[in-house]
Amino acid sequence: MSPPSTPDSMDDLNYVLRQRREKLRTLREEGVEPFAYNFAPTHRSEAATERFQEAEEAEELTDAGQVAEEVAVAGRILSWRGHGKSAFAHIEDGGGTIQLYFRKNVLGDDAFEALDLLDLGDWIGVRGHLFRTRTGEVTVQVSASQILSKSLRPLPFGKVEEDEETGERIHHSGFSDQEGRYRQRYADLAVHPEVREVFRTRARIVSELRRFLDDEGFLEVETPALQPLYGGATARPFVTHHEALDRRMYLRIADELYLKRLIVGGMDRVYEIAKDFRNEGLSRFHNPEFTMLEWYQAFSDYEDQMELVERMVVHVADAVLGRRALEYQGETISLDPPFRRLRLVDALSDALGREVLDLSEDELRDEAKDRSLPELSGAGRGKLIDKLFGELVEPDLVQPTFVLDHPRELSPLAKPKRGEPRLTERFELYMAGMEIFNAFSELNDPLDQRDRFEGQMGLRAAGDDEAQQLDEDYIRALEYGMPPTGGVGMGVDRFVMLLTDQPSIRDVILFPTLRDPEG
RNA sequence: GCCCCGCUAGCUCAACUGGCAGAGCAACUGACUCUUAAUCAGUAGGUUCUAGGUUCGAUUCCUAGGCGGGGCACCA
C-alpha cells in the first residue's frame with residue numbers, strides 16, 4: 001500500500017510497477033504527457049455501437065463498410081490482443097465497452113510503435129471510423145489515439161468468456177478476495193461492472209423513494225446529525241466533543257425526534273434520507289453508519305402508514321425492477337400487496353401455546369430458558385418477548401409481513417393500542433427475514449411521553465445503557481401540541497440488498513466500515 | 001466478546017504424512033494485419049499475514065497476535 005505515498009524508491013516497487021513507471025518516463029521523454037487534461041468524445045461506447053447500426057440499416061456505409069464520419073471514444077483499456085502489425089483492444093466507458101482495431105498502415109509507423117507503451121488499465125481516447133469485423137462486432141478502426149492517463153498499478157482484471165450459445169458469461173480468475181474488494185472498492189468497481197450496476201440500482205431506488213414521497217406531498221428536510229442528546233431509537237451512540245462549545249455531542253442514532261418537532265411546527269408531511277450512526281457490532285445486516293429514510297405524516301395513524309408503505313414498495317418495484325416479485329438469495333418474494341399482517345403477541349402465543357400477555361416476567365424467562373436463549377439476566381418483559389419472537393417467529397417472515405402491535409415496554413415513542421393499553425400501535429415490515437420498516441402511531445401526549453421516558457430512565461439506571469434519554473425539549477415541543485401523526489423509518493441499505501439480491505450490507509455500501517488494516 | 005473457516009507471485013489458485021514453493025492469467029522478449037480467455041516460443045517475478053516455538057529441516061505442526069468471511073452474542 002505504501003509505494004504511491006512514499007518518495008519514489010524504485011527499488012521497493014515490484015517489477016510490474018517498475019515497468020509501468022519506465023513506460024511513463026519513456027512517454028515523457030518522447031514529449032507525450034501521459035496524464036492529459038481533457039478529451040472530447042463524440043459518443044459513449046453504447047451510443048457509438050448504435051450509430052453504426054443506424055448507418056448500417058440506412059445503407060449509408062462506405063464501400064469499405066465503414067461509417068463515413070469519424071467518432072471519438074474514450075475509456076479504460078480492458079483487453080489487448082496484438083497481432084504484429086495490428087491489434088485489437090476493448091475499452092470500457094460509462095456506457096459499456098467497445099472494440100478498437102489498430103493497424104500499422106492506418107496509424108503510421110510511429111503511432112503504431114507508441115502503442116507498446118500502453119498497458120491494461122490505461123485510459124485512452126481514440127478517433128476512427130466504425131465498421132463491423134468479420135466476426136460481427138462493431139469496432140472502431142482507429143486513425144488516431146492519445147493516452148489520457150497512465151495506469152501505474154495493474155488492476156486485478158479477470159477474463160470473461162461469453163458462451164456463444166447461451167450468452168453466459170464465464171469468469172476466469174478475477175478479483176474475488178472480499179477484503180480487497182471492500183478495502184479497494186475503486187478496484188472492485190473498475191473490474192466488476194456488476195458491482196457498478198448494484199450502485200446504479202441503489203441510486204435509482206433512492207431516487208424513486210424521493211419521487212414517491214414528493215408526489216405524496218412530503219417535504220424533504222435536513223435535521224442535525226450532531227446532537228446534544230440522542231434519541232428516537234434504542235442504540236449506543238458515537239460520542240464526540242465540540243471544542244468551541246466545550247460540550248459533548250452525539251452522532252444521531254435516528255432522526256425521529258427532530259422530524260416530529262417539525263410536525264409540531266406545522267410542517268405536516270416531512271421526510272429525511274440521512275446517515276444514522278450506531279456504535280454497535282458489525283454484521284451482514286449492520287454497518288455502524290447506515291442510511292435511514294424516515295417520514296412523518298400528520299393526521300395519519302399506523303394503519304394509514306401500512307397502506308402507504310405498500311404503495312411505496314410497489315412503486316419502487318415497478319419503477320426499478322419492472323415487476324412485483326424478486327429473487328432474494330434463492331427465495332422468491334412477492335411484493336404484491338396487501339402484505340400479510342401478524343399480531344406480534346398472537347404469533348408468539350401460538351408458538352408458545354400460551355397467552356403471552358398473561359405470562360409474568362419470570363414465566364417468560366422460563367420459556368426463554370427452555371429454548372436455551374443465552375444471557376437474559378438483564379432482560380425485562382419487553383426484551384424477553386422480543387427475544388422469543390426473534391427466535392420462534394422471525395425466521396419464517398420471508399414474504400412481506402407486517403408484525404403488529406408491539407408491547408408497550410418495547411416502544412416508548414408509540415401510542416397505546418386502542419382498547420389494548422398494554423400494546424402499542426406499531427408495525428415492523430419484514431421481508432426476506434430482514435426488518436426493513438418500523439412505524440408507529442406517534443405518541444403525542446406529552447404527559448404519557450414523559451412517563452415513558454422516565455420508564456426508560458429507570459432501565460438506564462438498572463444498567464441498560466441503550467435505554468432512551470429524557471429529552472425535555474422534545475417534551476416541550478409536544479406540549480405545544482402535535483397533531484395525530486403516523487411515522488415510518490426505513491432501512492434503505494437493507495431495502496437495496498433485497499432489490500439487488502446482495503447477501504451483505506457491505507455489498508450495497510460503497511465504502512463499508514472495516515477494521516484498521518494496520519492492526 | 002465467543003466459535004468455525006481462510007490468508008502462498010499483481011490476480012485466481014496448487015504444493016501428499018514436515019523434505020528444493022508451482023500453474024493459469026497479468027508482465028517482459030520475440031513471431032504474427034479481422035482477433036476476442038487470440039495463438040506460438042522463451043524470460044522474469046515469492047518477507048508463504050506477523051512474532052515466537054518444536055524440528056536436521058516449517059507454507060505444512062504448536063502458541064500468541066493481525067485482517068477478512070460465516071455464525072452466535074450485542075444490536076435492529
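Throughout, a chain's letter reflects where its sequence line sits, starting with A, and its residues are numbered from 1.
- Whole-Å rounding puts the A:L152 CG to B:A27 C1' distance at 14 Å.
- For B:G68, one of the phosphate oxygens OP1 or OP2 lies less than 4.0 angstrom from a side-chain nitrogen or oxygen of A:R515.
- Rounded to the nearest Å, the gap between the C1' atom of B:G10 and that of B:U55 is 35 Å.
- Taking a 4.0 Å limit (strictly below) on heavy-atom distances, residues 426-434 of chain A reaches RNA chain B at A:E428, A:Y430.
- Distances were taken from every side-chain heavy atom of A:S504 (C-beta onward) to each of B:C67, B:G70, B:C32; the shortest belongs to B:G70.
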Are any protein N/O atoms closer than 3.5 Å to N/O atoms in nucleotides 1-5 of chain B? If there are, list each pair with its distance.
none

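- Residues forming a side-chain hydrogen bond (donor to acceptor under 3.5 Å, both in side chains) with A:H286 (at least two apart in sequence, or on another chain): A:S283, A:R494.
- With B:G68, B:U12, B:G71 as the candidates, the nucleotide lying closest to the side chain of A:F175 is B:U12.
- With A:E425 contributing its side chain and A:D405 its backbone, the two residues share no donor-acceptor pair below 3.5 Å.
- In this model, no donor atom of one side chain and acceptor atom of the other lie less than 3.5 Å apart for A:H43 and A:E50.
- In this structure, A:R81 has no salt bridge (charged side-chain N to carboxylate O under 4.0 Å, His left out) partners at least two apart in sequence or on a different chain.
- Comparing B:U33, B:C75, B:G71 by their closest approach to the side chain of A:K85 singles out B:U33.
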Using the 3.5 Å cut-off, write out each protein N or O paired with an N or O of nucleotides 39-41 of chain B and the distance between them.
none

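- A:E92 is not listed as a side-chain neighbour of A:V191, based on a closest heavy-atom distance of 4.5 Å or more.
- Between A:E361 and A:R365, at least one side-chain nitrogen of the basic residue sits less than 4.0 Å from a carboxylate oxygen of the acidic one, meeting the salt-bridge criterion.
- Looking at heavy atoms from C-beta onward, A:H406 lies out of side-chain contact with A:D386 at the 4.5 angstrom threshold.
- Scanning RNA chain B for stems, defined as runs of 3 or more consecutive Watson-Crick or G-U wobble pairs whose donor-acceptor distances all fall under 3.5 Å, gives the following ranges: B:1-7 with B:66-72, B:10-13 with B:22-25, B:27-31 with B:39-43, B:49-53 with B:61-65.
- Taking the side chain of A:F88 as heavy atoms from C-beta on, and the options B:C34, B:A38, B:C67, the nearest nucleotide is B:C34.
- Within residues 397-408 of chain A, no residue places a heavy atom under 4.0 Å from RNA chain B.
- A sub-4.0 Å separation between OP1 or OP2 of B:A38 and a side-chain N or O of A:R81 is present.
- If you take CG of A:L120 and C1' of B:A38, they are 14 Å apart, rounded to a whole angstrom.
- Under the ring pair (Phe, Tyr, Trp, His ring centres under 6.0 Å) criterion, A:F402 pairs with A:F339, A:F427, not counting sequence neighbours.
- Every residue two or more places apart in sequence or in another chain was checked for a ring pair (Phe, Tyr, Trp, His ring centres under 6.0 Å) with A:F52, and none qualifies.
- For the pair A:Q502 (side chain) and A:T500 (backbone), a donor-acceptor distance under 3.5 Å is present.
- If you find the closest nucleotide of RNA chain B to A:R506 and to A:S176, the one lying nearer the 5' end belongs to A:S176.
- Checking B:G69, B:A27, B:U35 against every side-chain atom of A:H83, the shortest atom distance belongs to B:U35.
- Taking A:E256 as the reference, A:K260 meet the salt bridge (charged side-chain N to carboxylate O under 4.0 Å, His left out) condition, with sequence neighbours excluded.
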Can you check nucleotides 8-10 of chain B for protein contacts, nitrogen or oxygen pairs under 3.5 Å, and list what you find?
none

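- B:A64 and B:C25 are spaced 42 Å apart, taking the P atom of each and rounding to whole Å.
- Between B:G42 and B:A15, the two P atoms lie 26 Å apart (nearest whole Å).
- A donor-acceptor contact shorter than 3.5 Å links the side chain of A:R252 to the backbone of A:K275.
- Listed by first then second residue, pairs satisfying side-chain hydrogen bond (donor to acceptor under 3.5 Å, both in side chains) with a partner in residues 110-119 of chain A read A:K23-A:D119, A:D119-A:K150, not counting sequence neighbours.
- Of the candidate nucleotides B:A26, B:C67, B:C74, B:C74 has the atom nearest to the side chain of A:H286.
- For A:D386 and A:L118, each mapped to the nucleotide of RNA chain B holding its nearest heavy atom, the one lying further toward the 5' end belongs to A:L118.
- Residues A:H90 and A:E137 form a side-chain contact, since some pair of their non-hydrogen atoms from C-beta on lies under 4.5 Å apart.
- For A:K387, whose side chain is taken as the heavy atoms from C-beta onward, the closest listed nucleotide among B:C74, B:C28, B:C67 is B:C74.
- With rounding to whole Å, A:R181 atom CZ is found 17 Å from B:C7 atom C1'.
- Remark: P of B:C75 and CZ of A:F290 are 14 Å apart, rounded to the nearest angstrom.
- Residue A:R103 has its side chain nearest to B:U33 when only B:U33, B:A26, B:C67 are considered.
- Comparing atom distances between the A:K23 side chain and each of B:G70, B:G68, B:A27 picks out B:A27 as nearest.
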